[in-house]
There are 2 protein chains.
Amino acid sequence: MKLSNGVEWALHCCVSLSQSRTPVPAARLAELHGIPPAYLAKHLQTLSRAGIVHSTAGQVGGYRLTRSAEAISALDVVRAIDGTEPAYRCAEIRQRGPLAVPAEQCTRPCAIARAMAAAEDAWAGVLSRITIADLASAIDTDSDGAALADLRRWLAAAPR
Amino acid sequence: MKLSNGVEWALHCCVSLSQSRTPVPAARLAELHGIPPAYLAKHLQTLSRAGIVHSTAGQVGGYRLTRSAEAISALDVVRAIDGTEPAYRCAEIRQRGPLAVPAEQCTRPCAIARAMAAAEDAWAGVLSRITIADLASAIDTDSDGAALADLRRWLAAAPR
DNA sequence: GAGACCATACTCGGATATTCACTGTCCGAGTCCGGGCGG
DNA sequence: CCGCCCGGACTCGGACAGTGAATATCCGAGTATGGTCTC
């Protein structure tokens, strides 16, 4: 089980965007995090399609959050980048082989699929209760209030 | 995020093995579940290396569980097949770019990594509390006690 | 001086190569059973 | 009749191709800005 690398970038970008009042170009976000600009752009497009960020074209364009950081959960971001389908996908192998269970008896998922689904629900539950604002706050606490202040200052400074 | 297909096979195989007193060859487990024998063998080898099943060579050889079904959790099987490293791996991008945090300040994981780790802990916690015996019991209940009885009968029958 | 127009530069967006892990398969090494032989 | 030996077949184990998704990149379409020209 491996989570796309872009999830980390997207989360960091959302936290960064939450600290800026003006749109931030993808290239600037990439520079801030030291990651490939072109590839990050692809993930930001995905966030845009998911309705988490809004893109503005033109000279002073860029990305901004569509709603407040309190209203965006970590799960929203993860689902947007990684997709919504569950990690465990039951292939219904109980319906195969010499002891195949007839399809009409399979009204509910098999016990193994139920167990895996319960685990994923617990995982999603934790992430759904964490917001971008929570993450920003935690980062701020870790750095004694310095990190976000520096971040806001850097974002407000002239691009070059 | 995608979980290896072999996880499903491994869980079903463990449940099946819990119903047999004698070793079951990989080919027979594959026939039972209608899946490619050679590929299943690969996963069973992995389970063997993880110490979950024990292999016996020779004419009446095969695989058997190393301990009781109550003592094997679903997490044990998932970790054996899928690996132990977490789905989310922090690349420490906070230490990169113009606002890089000095390494000596990074005594604990960054807030985002902590959040993702908490979610994975919840996921693992659910799976660790589910045993192979629980799964077998649930399957039995679903089928009104028919499935496991049929399974034991089929496993005890002559191979061909 | 004010308004409209236009050239410009900057932005995003999708279409396109490349790499890596998962999927799937095969053949060789090792082992245990069953029959045959000798005592 | 009993024990030993050997042939055989079956088992696992690791080494070897194929495929799809994630990774990484580029260039074209669209837009807001700023300056310039006209009224």
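Every chain is numbered from 1, with letters handed out A, B, ... down the list of sequences.
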B:Asp76 side chain to B:Ser73 side chain, donor-acceptor N/O pair below 3.5 angstrom: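 On atom types as modelled, these side chains qualify, holding a pair under 3.5 Å.
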Any residue of residues 78-90 of chain A with a heavy atom less than 4.0 Å from an atom of DNA chain C: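 DNA chain C contact set from residues 78-90 of chain A: none.
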D:dG13 phosphate, OP1 or OP2, under 4.0 Å from B:Ser55 side-chain N/O: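 For B:Ser55, the contact criterion (side-chain N or O under 4.0 Å from OP1 or OP2 of D:dG13) is met.
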Side-chain N,O (A:Tyr39) to OP1/OP2 (D:dT23) below 4.0 Å: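 Checking A:Tyr39 against D:dT23: at least one side-chain N or O falls below 4.0 Å of OP1 or OP2.
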Nucleotide nearest B:Arg49 when distance is taken to its side chain, options D:dG13, D:dG14, C:dC12: D:dG14
Closest to side chain of A:Gln45, choosing from C:dG24, D:dG13, C:dG13: C:dG13
Rounded distance (Å) that lies between atom C1' of D:dT23 and atom CG of A:Leu40: 13 Å
Spacing between A:Arg28 atom CZ and C:dC10 atom P, to the nearest angstrom: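 After rounding, the gap between these two atoms is 14 Å.
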side-chain hydrogen bond (donor to acceptor under 3.5 Å, both in side chains) partners for B:Arg152, two or more places apart: B:Gln19
Contacts of type side-chain hydrogen bond (donor to acceptor under 3.5 Å, both in side chains), residue A:Arg96, not counting sequence neighbours: none
Flag, side chain of B:Ser143 to backbone of B:Ile139, donor-acceptor distance under 3.5 Å: yes
Of all pairs that satisfy salt bridge (Lys or Arg N to Asp or Glu O under 4.0 Å), the ones with a partner from residues 112-126 of chain B, not counting sequence neighbours: A:Asp142-B:Arg114
Nucleic acid footprint by protein, nucleotides 30-36 of chain C - heavy-atom cut-off 4.0 Å, B for base, S for sugar-phosphate alone: BBSB---
First encountered from the 5' end of DNA chain C, between B:Ala41 and A:Ser48: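 Nearest nucleotide further toward 5': that of A:Ser48.
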Interface residues of residues 3-25 of chain B with DNA chain D (non-hydrogen, below 4.0 angstrom): B:Pro25
